[in-house]
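Here's the structure, in structure tokens; my notes come after.
One-based numbering along the sequence shown. Bear in mind the structure is a predicted one, so any value in this text is a computation, not a measurement.
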Amino acid sequence: MKVSFRTLYSIILFGAGILHFARERGFRRIVPKVIPFRRSIVLITGIVEMIFSVLLWVKKGQQLTGKFLALFMMAVFPANVYMAVKRISFRPGKPANPWILWLRLPLQFPLVVGALKLGRKEG
């Protein structure tokens, strides 16, 4: 069974969005404490991820969806850097593996490029 990149990206976004609610405290830990309304930010970004997941399937406006999704991926990147710098574990109470935290940062770039690619006109 062949799974398209659009399907995979959509599933990842929707799953991540759900995790923002199921594991809100864990996500809140990677938002720097100097930023106000951290819980709200986590919940809103979870909703945004789920909306993007659905918008990837709406034919109209794909160029705009791709551009905004790429911008969103760039906007959340600093939280991932903060997580690596502060060695914040994915599992609260467990030690963080710094190698995993740092090695996952470059994965954000294919997500940005992929979003832009999905937003291109087909034809």
Side-chain angles (χ1 to χ4, degrees):
M1 181 176 106
K2 183 182 175 194
V3 177
S4 74
F5 180 64
R6 184 176 308 278
T7 302
L8 182 61
Y9 208 134
S10 180
I11 290 169
I12 289 169
L13 283 170
F14 200 81
I18 289 172
L19 285 175
H20 278 70
F21 290 88
R23 310 263 169 139
E24 179 269 326
R25 279 190 181 151
F27 279 89
R28 191 178 344 144
R29 293 173 59 232
I30 69 170
V31 179
K33 292 182 180 178
V34 298
I35 297 175
F37 310 111
R38 292 169 40 232
R39 182 175 191 271
S40 296
I41 288 170
V42 168
L43 298 178
I44 290 167
T45 55
I47 291 168
V48 169
E49 287 176 342
M50 290 188 283
I51 290 171
F52 275 126
S53 172
V54 172
L55 286 176
L56 286 175
W57 296 101
V58 177
K59 292 282 185 201
K60 199 170 191 172
Q62 279 300 298
Q63 285 183 307
L64 201 55
T65 297
K67 288 176 184 172
F68 279 121
L69 179 54
L71 286 172
F72 177 77
M73 288 298 160
M74 288 186 271
V76 299
F77 185 70
N80 295 334
V81 173
Y82 180 79
M83 186 177 188
V85 170
K86 295 292 186 177
R87 292 187 178 191
I88 299 170
S89 177
F90 290 101
R91 299 172 296 164
K94 305 278 185 179
N97 183 331
W99 283 101
I100 291 174
L101 295 175
W102 286 101
L103 289 174
R104 70 187 276 271
L105 293 179
L107 296 176
Q108 202 77 15
F109 297 106
L111 291 174
V112 171
V113 172
L116 294 172
K117 192 173 193 174
L118 287 173
R120 287 192 191 137
K121 280 188 177 180
E122 295 180 43

Just by distance, do the side chain of Q63 and the backbone of L116 share a donor-acceptor pair under 3.5 Å? no
Check residues 103-113 and write down every donor-acceptor pair under 3.5 Å in which the side-chain atom is one partner and the other belongs to a residue at least two apart or another chain.
residue	atom	partner	partner atom	Å
Q108	OE1	N80	ND2	3.1
Q108	NE2	M73	O	2.9

Set out, in order, the CA-CA distance, both residues' side-chain angles and the distance that settles side-chain contact (heavy atoms from CB on, under 4.5 Å) for L55 and L69, then state yes or no. CA-CA 10 Å; L55 286 176; L69 179 54; over 6 Å; no
What salt bridge (charged side-chain N to carboxylate O under 4.0 Å, His left out) pairs are there with at least one residue in residues 19-30, not counting sequence neighbours? E24-R28, E24-R39
Considering only residues two or more places apart or on different chains, which pairs with a residue in residues 84-99 satisfy salt bridge (charged side-chain N to carboxylate O under 4.0 Å, His left out)? none
Within a strict 4.5 Å, meaning less than it, do heavy atoms of the L118 and L56 side chains meet? yes
Taking the side chain as everything from C-beta on, heavy atoms only, tell me whether W57 gets closer than 4.5 Å to T7. yes
Using the rule that Ile, Leu, Val, Met, Phe, Trp and Tyr join whenever any side-chain heavy atoms are under 4.5 Å apart, tell me whether I35 and F27 fall into a single cluster. yes
Hey, quick one: are V81 and F72 part of the same hydrophobic cluster, counting side-chain heavy atoms closer than 4.5 Å, chains of contacts allowed? no
Partner residues of P78 under the side chain to side chain contact (heavy atoms under 4.5 Å, CB included) criterion, sequence neighbours left out: none
Starting from Y82 and following side-chain heavy-atom contacts under 4.5 Å between hydrophobic residues (I, L, V, M, F, W, Y), which residues can be reached? I30, M83, I88, F90, I100, L101
Here the pair of heavy atoms bringing G114 nearest to Y9 is C-CE1, 4.1 Å
Can you give me every donor-acceptor pair (side chain of residues 40-54, partner residue at least two apart or in another chain, under 3.5 Å) with its distance?
residue	atom	partner	partner atom	Å
T45	OG1	H20	NE2	3.3
T45	OG1	I41	O	2.9
T45	OG1	V42	O	2.9
E49	OE1	G17	N	3.3
E49	OE1	H20	ND1	3.3
S53	OG	S10	O	2.8
S53	OG	S10	OG	2.9

